[in-house]
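Quantities reported herein were computed from a predicted structural model and do not represent experimental measurements.
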Amino acid sequence: MKQKKNDNLIPPSTVKGEGKKQELILRQMETLGKLGHWEVDFVNQTLHWSEGVFHILEMDPSSMPVDLETGYLFVHPDDREFATKHMNEVLEKGISYDLECRLVTTTGKIKFVHSLAEVIRNEQNDPKQIVGIFQDVTEQREAFQTVKEQEQRLSTILQSEPECVKVVSPDGILIEMNPAGLQMIEANCPEDAIGQKVEKLVNPSDLKFYQSLHKKALQGIKSSNRFRIIGFKGTERWMESTAVPLENQNGEIVSVLSVTRDISEKVIAEENIIRIKRNQEALINGTSDLIWSLDSNFSLVAANKAFLEVMGFLNGTRAKEGDSVLIMNQGEAFYEKWKGYYERGLSGESFKTYERFMSPITGLEEHREIFFNPIRNAEDSITGLACFSKDITDLMSKRMELIASEKRYRALVENGIDVIAILSTEGKAKYVSPSITKVLGYSESDAMHMNLFDFLHPDDVSKITKRLDEVRTIPIGSSLPSHNFRIKHQDGSWRWVESTVTNLIEDESIGGIVDNFHDVTERVFQITAIQTQNEKLKAIAWTQSHVVRNPLAKIMGIVELIKTGTLSSEEERRSLDHLLTSAKELDSIIQDIVLQSQRVIVP
């Protein structure tokens with residue numbers, strides 16, 4: 001095809017005849033411009049194509065003539081109705097023929113053609129012919145489609161870009177902004193922001209940073225800066241923006257393109273890190289503990305204030321980074337001991353040691369734990385040593401107090417009359433005090449393998465079950481009122497105990513029900529005996545009260561009779577005899593009551 005095209009380009013000087021020359025020029029123009037001309041004769045219903053049309057349709061020109069129906073079939077099926085409608089409107093309404101549609105070549109390719117034509121009419125204004133040209137615009141359409149797709153992709157990227165992308169005019173007017181940017185500045189719609197001064201959104205305290213960024217971009221300099229903005233709804237954000245100049249075809253800067261991201265969380269994190277670092281420095285320098293690190297040459301790398309003060313005091317001069325941590329003027333033993341510690345740590349060992357000494361600064365005894373940990377680099381090589389000396393003087397003092405307190409407590413528990421037991425909610429022993437042996441005869445080991453219900457009196461099981469359920473419902477640390485029940489002694493006898501239970505199930509250090517109980521068997525027996533005696537005395541009193549009333553009534557009657565003064569001497573004497581008899585009877589009854597009472601006294 002390329003060779004054939006070259007054959008058509010024959011110099012005019014070799015062509016004979018002006019008509020042939022014009023035909024050749026026309027053919028060359030069609031070839032170069034991808035043009036073709038066509039002609040429809042409506043009278044004879046014929047269609048004529050130039051060679052350019054055949055080339056576009058990838059047909060052999062010798063296939064001429066082509067009928068109208070065949071020519072119509074080269075129009076893409078989806079465009080035929082549109083092409084027919086346009087032709088009808090041109091012929092009937094007299095509009096200009098200007099059509100762009102798709103053609104299908106003989107090889108199946110789809111080409112876009114743009115066609116222009118003129119209608120030739122007779123004296124009655126009926127169409128006789130239509131003569132036109134069309135041009136293959138496939139490359140233009142494909143290029144346009146490519147650009148359109150690129151623009152669409154770019155638009156999609158910008159629309160979905162999470163950072164703010166904006167274009168600003170040289171005088172600071174917002175020209176364009178993507179949705180992410182509109183959201184950052186709290187604009188409800190683009191119209192709220194487009195056409196506004198960007199500086200209005202910048203925090204006044206940071207305006208100079210934004211202006212510097214914009215000015216550099218207008219000078220052709222790409223730069224970045226941080227500043228705060230205040231959105232339309234009042235929200236303040238930290239932004240980090242990078243601005244670059246946008247140039248026209250002549251290389252003139254016409255606007256500024258900026259990519260801005262919200263770094264509020266980053267700034268807050270940075271501020272937190274700074275605050276944490278300052279707090280750490282304050283904590284490190286505010287403690288009496290000694291913190292320091294050294295390199296492999298025993299030179300001080302870093303230290304807190306407390307260590308520098310101690311080291312300066314021992315050396316007799318102000319301590320600073322770079323000084324040797326090996327102190328010579330405190331004696332050879334001191335020097336060798338600490339050198340040994342440092343060498344152990346620099347060899348890769350992590351360890352701690354304990355030091356007890358008289359402080360050269362305060363003159364008081366101190367107890368310290370010293371920790372040594374190797375420092376390694378990215379290649380896992382040891383580059384130094386981190387050291388930490390913790391003052392445990394108060395801890396040691398409290399520890400000694402605690403040990404003494406524990407000894408006193410254990411002596412009380414072991415020798416006390418109360419048994420202390422920690423029970424699970426099911427009554428299983430988790431702890432039993434040594435006094436269990438004194439009270440119930442069981443060893444601690446035996447008791448730890450028993451359940452409360454294993455040696456509980458059968459008549460008390462239901463009451464104790466209810467009591468264990470009840471104690472779980474009361475607040476932590478609260479106790480139920482004391483209660484008596486019976487427990488089997490190791491010798492097989494039943495012993496009464498008085499128990500108080502406390503809910504410490506949720507207490508991490510206890511984790512159970514605390515039961516304090518002691519033996520009250522003798523007291524229960526005494527109370528029972530007294531109750532029995534009282535009952536017997538009540539019975540005696542009730543019975544004898546009826547016996548006493550009879551002689552007492554006689555005495556009272558005789559006395560009343562004598563008091564009347566109506567009795568003769570003989571009658572009065574007999575009444576006195578009866579009175580004495582009744583008194584003796586009453587005395588006998590009283591003696592009997594005393595004897596009965598003495599019989600019910602429990603020995």
Side-chain angles (χ1 to χ4, degrees), residues 224 226 238 240 261 263-362 365-399:
S224 299
R226 287 183 177 187
W238 271 100
E240 185 173 63
R261 72 177 190 273
I263 60 168
S264 300
E265 292 185 0
K266 179 181 177 182
V267 171
I268 292 172
E270 290 174 350
E271 291 176 347
N272 285 338
I273 290 173
I274 293 172
R275 184 170 61 253
I276 290 170
K277 184 178 179 181
R278 289 175 178 171
N279 289 341
Q280 287 175 340
E281 290 176 351
L283 289 171
I284 290 173
N285 288 321
T287 179
S288 61
D289 295 332
L290 311 181
I291 304 170
W292 72 103
S293 63
L294 57 139
D295 60 21
S296 56
N297 296 318
F298 307 107
S299 295
L300 184 64
V301 176
N304 69 340
K305 183 179 178 181
F307 180 81
L308 292 175
E309 289 178 350
V310 171
M311 185 173 171
F313 181 86
L314 295 177
N315 276 327
T317 182
R318 183 178 178 182
K320 60 184 183 301
E321 294 179 2
D323 289 349
S324 174
V325 295
L326 297 176
I327 299 173
M328 305 289 296
N329 58 6
Q330 294 298 313
E332 184 178 353
F334 182 89
Y335 175 87
E336 292 296 335
K337 178 175 66 174
W338 281 93
K339 183 181 179 183
Y341 289 156
Y342 292 143
E343 288 176 342
R344 281 178 63 187
L346 290 171
S347 69
E349 181 181 355
S350 292
F351 66 98
K352 72 175 180 178
T353 186
Y354 168 76
E355 291 285 329
R356 177 184 178 186
F357 55 90
M358 297 300 295
S359 170
I361 299 176
T362 63
E365 184 179 71
E366 285 191 10
H367 300 262
R368 284 187 174 270
E369 274 186 335
I370 302 101
F371 300 81
F372 300 87
N373 292 291
I375 300 173
R376 301 176 183 271
N377 60 17
E379 289 75 33
D380 204 35
S381 299
I382 297 174
T383 59
L385 192 64
C387 311
F388 175 71
S389 174
K390 183 179 180 182
D391 186 351
I392 59 171
T393 304
D394 290 342
L395 182 63
M396 291 298 292
S397 176
K398 291 178 181 178
R399 182 180 177 186

May I have the step-by-step check of side-chain contact (heavy atoms from CB on, under 4.5 Å) for Val267 and Glu240, ending in yes or no?
CA-CA 10 Å; Val267 171; Glu240 185 173 63; over 6 Å; no
Identify, with sequence neighbours excluded, every residue that meets salt bridge (Lys or Arg N to Asp or Glu O under 4.0 Å) alongside [X].
X      : answer
Lys266 : none
Glu369 : Lys352
Glu271 : none
Glu321 : none

Just jot down the side chain to side chain contact (heavy atoms under 4.5 Å, CB included) partners of Arg344, sequence neighbours excluded, or say none.
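For Arg344, the residues satisfying side chain to side chain contact (heavy atoms under 4.5 Å, CB included) (neighbours in sequence not counted) are Glu349, Phe351.
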Could you pull out all residues at least two apart from Ile268 that satisfy side chain to side chain contact (heavy atoms under 4.5 Å, CB included)?
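Only Asn272 meet the side chain to side chain contact (heavy atoms under 4.5 Å, CB included) criterion with Ile268.
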Do Ile263 and Arg261 make a side-chain contact, defined as non-hydrogen atoms from C-beta onward lying under 4.5 Å apart?
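Yes; the side chains approach each other to less than 4.5 Å.
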Counting C-beta onward and ignoring hydrogens, is there a side-chain heavy-atom pair between Thr353 and Phe372 closer than 4.5 Å?
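In contact.
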N/O donor to acceptor pairs below 3.5 angstrom from side-chain atoms of residues 324-332, sequence neighbours left out:
from   : atom 1 : to     : atom 2 : distance (Å)
Ser324 : OG     : Leu326 : N      : 3.2
Asn329 : ND2    : Leu314 : O      : 2.9
Gln330 : NE2    : Leu314 : O      : 3.4

Suppose the criterion is side-chain hydrogen bond (donor to acceptor under 3.5 Å, both in side chains): which pairs have a residue in residues 290-301, not counting sequence neighbours?
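Qualifying pairs, neighbours excluded: Trp292-Tyr342.
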What heavy-atom pair brings Pro374 and Gly345 nearest, and what distance separates the two atoms?
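So the two residues come closest at CG-O, 3.3 Å.
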Charged N to carboxylate O under 4.0 angstrom, Lys337 versus Glu355?
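Answer for the salt bridge query: yes.
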For Lys320, check side chain to side chain donor-acceptor pair (under 3.5 Å) against everything at least two apart and list the hits.
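Once residues adjacent in sequence are excluded, the partners of Lys320 under the side chain to side chain donor-acceptor pair (under 3.5 Å) criterion are Asp323.
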Output all residues satisfying side chain to side chain donor-acceptor pair (under 3.5 Å) with Arg356, sequence neighbours left out; order by chain, then residue number.
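By the side chain to side chain donor-acceptor pair (under 3.5 Å) rule, Arg356 matches Glu365.
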Please set out all donor-acceptor pairs under 3.5 angstrom arising from side-chain atoms of residues 378-393, sequence neighbours excluded.
from   : atom 1 : to     : atom 2 : distance (Å)
Thr383 : OG1    : Ile375 : O      : 3.4
Ser389 : OG     : Arg368 : NH1    : 3.2
Asp391 : OD1    : Thr393 : N      : 3.0
Asp391 : OD1    : Thr393 : OG1    : 2.7
Thr393 : OG1    : His367 : N      : 3.0

Identify every side-chain donor-acceptor pair in residues 302-313 under 3.5 Å, counting partners at least two apart or on other chains, and give the distances.
from   : atom 1 : to     : atom 2 : distance (Å)
Asn304 : OD1    : Ile291 : N      : 3.1
Asn304 : OD1    : Phe307 : N      : 3.1
Asn304 : ND2    : Ile284 : O      : 3.0
Asn304 : ND2    : Asp289 : O      : 3.0

